[in-house]
Enquirer: 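Pasting in a structure now, in structure tokens, and then I'll have a few things to ask.
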Amino acid sequence: MFQEEEVSILVIGSVALDSVKTPFGTRENILGGSATYFSIAASFFNKINIVATVGEDFPKKNFELFRSRGIGLDGLSVDKGKTFHWKGFYDYDLNTAHTVATHLNVFKDFNPQVPENLRNSEFLFLANIDPDLQYSVLKQMKKRPRLVALDSMNYWITNKRKSLDRIIDKIDVILLNDAEARQFSGESNLIKAAQAVLSYGPKAVIIKRGEYGVLYFSKNSHFIAPAYLLESIFDPTGAGDTFAGGLMGYLSKAKKVDDASIRKGIIFGSILASFTVEDFSANKLLKISMKDIKGRYDHFRKVTKF
Ligand code: AMP
């Protein structure tokens with residue numbers, strides 16, 4: 001899966017059991033969570049370690065699944081209580097997730113501990129979770145990672161705005177979907193929204209627009225990428241985290257974080273996400289190989305060339 005000269009990636013985020021309803025079916029308590037999708041996607045490129053918590057109800061087979069992909073679990077603690085649970089649904093507009101319930105469960109009292117040997121990780125992803133936990137993990141790093149990216153959502157923008165502002169000032173890249181960027185900035189135009197988000201301190205912002213693709217803005221450049229066109233989308237849950245895993249996985253492999261590699265990473269992220277949405281949970285992502293990813297990458301090149 002990955003080569004010897006591996007650079008390690010560290011992620012803190014949710015490891016969850018999700019209950020999801022889409023126009024195409026319903027599933028209860030399936031494997032989900034921002035750190036889950038991120039790490040499975042990143043595992044195509046490099047060694048990845050998770051910092052998170054699960055409850056005693058977390059199925060054993062999922063630990064095996066993570067291990068089988070080389071995902072490090074030293075920072076994944078099993079705590080008394082239930083695993084984080086998200087319940088949501090999508091109508092025919094699959095770009096919008098409707099949350100029915102968010103049960104933080106074991107995350108409520110979680111005090112993340114980054115294992116000593118992971119405090120030098122070069123790439124850090126603060127996946128969608130309580131911004132105070134994201135801050136705590138960043139503080140524990142021995143040296144500033146080469147790249148720190150962060151994702152969040154309406155739940156935290158509404159409930160933990162001050163904490164979110166504090167952490168956003170300390171990171172390099174923030175990823176938000178279009179509704180979150182608008183909510184965070186109070187701007188409806190996405191260029192203005194991106195500029196407003198940048199004024200909080202990050203060097204770049206990526207706005208995810210579901211089936212319409214991705215916008216990337218840094219202080220002096222921007223990039224627009226369409227989504228990989230698919231005939232059938234089954235369940236969009238996890239697309240954003242998978243995108244981030246593809247992007248950071250690629251950057252860690254390229255060992256460069258310049259404009260050109262970020263653009264390529266955005267395409268890899270979009271392609272990884274295109275697999276996630278083709279089935280519930282990470283089912284499809286777990287069936288593919290690098291050959292499938294490269295196949296879509298070449299196809300993407302052809303259909304966007306002019
Ligand atoms: P996305 O990539 O945005 O579709 O993220 C989907 C994942 O986010 C689901 O598998 C959920 O378990 C997880 N999730 C939902 N709400 C939250 C939350 N408030 N904090 C952390 N993770 C969440």
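Sequential numbering from 1 along the given sequence is applied to the chain's residues. Note that ligands are numbered from 1 as they come in the structure, with each ligand's atoms numbered from 1 the same way.
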Enquirer: Heavy-atom contact check, 4.0 Å cutoff: does F107 meet ligand 1?
Expert: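 Not so, F107 does not reach ligand 1.
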
Enquirer: Can a donor-acceptor pair be found between the side chains of Y37 and T237 at a distance below 3.5 Å?
Expert: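 No - no donor-acceptor pair under 3.5 Å links their side chains.
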
Enquirer: Can you tell me which residue among T102, D18, T99 is in a side-chain hydrogen bond (donor to acceptor under 3.5 Å, both in side chains) with W86?
Expert: T99

Enquirer: As an exercise, identify every atom of ligand 1 less than 4.0 angstrom from a heavy atom of Y155.
Expert: 19 (N)

Enquirer: Any nitrogen or oxygen of F84, side chain or backbone, less than 3.5 Å from one on ligand 1?
Expert: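 Between F84 and ligand 1 (N or O atoms, distance only) the closest approach is not under 3.5 Å.
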
Enquirer: Relative to the heavy atoms of G240, which atoms of ligand 1 are at a distance of less than 4.0 Å?
Expert: 2 (O)

Enquirer: Using only heavy-atom distances, determine whether the side chains of Q113 and S77 contain a donor-acceptor pair under 3.5 Å.
Expert: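 No, no side-chain donor-acceptor contact under 3.5 Å.
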
Enquirer: State yes or no: do L94 and V100 share one hydrophobic cluster built from I, L, V, M, F, W and Y residues joined by side-chain heavy-atom distances below 4.5 Å, directly or via other members?
Expert: no

Enquirer: Are W156 and ligand 1 in contact, using a heavy-atom cut-off of under 4.0 Å?
Expert: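 Contact present.
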
Enquirer: What are the atoms of ligand 1, with element, lying closer than 4.0 Å to any heavy atom of T237?
Expert: 4 (O), 6 (C), 9 (C), 10 (O)

Enquirer: Calculate, to the nearest 0.5 Å, the distance between atoms CD1 and CZ belonging to I293 and F44 respectively.
Expert: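 Rounded to the nearest 0.5 Å, the CD1-CZ separation comes to 4.5 Å.
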
Enquirer: Could you tell me which atoms of ligand 1, counted from 1 in the order shown, lie closer than 4.0 angstrom to a heavy atom of S14?
Expert: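 Taking each heavy atom of S14 in turn, ligand 1 has 13 (C), 21 (C), 22 (N), 23 (C) under 4.0 Å.
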
Enquirer: Sequence neighbours excluded, which residues qualify as ring pair (Phe, Tyr, Trp, His ring centres under 6.0 Å) partners of F280?
Expert: F234

Enquirer: How about T22 and D235: does a side-chain donor come under 3.5 Å of a side-chain acceptor?
Expert: no

Enquirer: Under 4.0 Å from any heavy atom of G32, which atoms of ligand 1 are there?
Expert: 10 (O)

Enquirer: Could an N or O of ligand 1 be found under 3.5 Å from any N or O of G33, whether backbone or side chain?
Expert: yes

Enquirer: Would you mind telling me if ligand 1 is within reach of the side chain of A97, the backbone, both or neither, using heavy atoms under 4.0 Å?
Expert: neither

Enquirer: Taking V148 as the starting point, is it possible to reach I174 by hopping between hydrophobic residues whose side chains are less than 4.5 Å apart?
Expert: yes

Enquirer: Find the distance between OG (S274) and CD1 (I233) and round it off to the nearest 0.5 Å.
Expert: 9.5 Å

Enquirer: Is D79 paired with K108 through a side-chain N to carboxylate O contact shorter than 4.0 Å?
Expert: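 Here K108 does not pair with D79 in a salt bridge, since their nearest N and O are not under 4.0 Å apart.
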
Enquirer: Give a yes or no on whether a salt bridge exists between D165 and R161, defined as a side-chain N under 4.0 angstrom from a carboxylate O.
Expert: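 Looking at D165 and R161, the cut-off is met.
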
Enquirer: Check each of D241, V277, N177, T36 against atom 6 (C) of ligand 1 and report the one with the nearest heavy atom.
Expert: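 Closest candidate by heavy-atom distance is D241.
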
Enquirer: Which is closest to atom 11 (C) of ligand 1 by heavy-atom distance: L133, L104, V15, D18?
Expert: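 When every heavy atom of L133, L104, V15, D18 is considered, D18 comes closest to atom 11 (C) of ligand 1.
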
Enquirer: Please write down residue, atom name and distance for the protein heavy atom closest to atom 4 (O) of ligand 1.
Expert: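 Going by distance alone, atom 4 (O) of ligand 1 is nearest to G238 N, 2.8 Å.
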
Enquirer: What atoms in ligand 1 come closer than 4.0 Å to a heavy atom of Y37?
Expert: 10 (O)

Enquirer: Just to be sure I'm reading this right: ignoring hydrogens, which of K208, K160, E180, M153 gets closest to atom 16 (N) of ligand 1? Compare them by their nearest heavy atoms.
Expert: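 Selected option, by shortest heavy-atom distance: M153.
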
Enquirer: Starting from atom 21 (C) of ligand 1, find the nearest protein heavy-atom neighbour and note its residue, name and distance.
Expert: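 So the nearest neighbour among protein heavy atoms is N128 O, 3.0 Å.
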
Enquirer: For K302, is there an ion pair with D298 - N to carboxylate O distance below 4.0 angstrom?
Expert: no

Enquirer: Does T102 reach ligand 1 with a nitrogen or oxygen that is under 3.5 Å from one of the ligand's nitrogen or oxygen atoms?
Expert: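 No, T102 has no N/O under 3.5 Å of an N/O on ligand 1.
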
Enquirer: Report yes if some N/O of I129 lies less than 3.5 Å from some N/O of ligand 1; otherwise report no.
Expert: no

Enquirer: Near A16, which atoms of ligand 1 are under 4.0 Å from a heavy atom of that residue?
Expert: 12 (O)

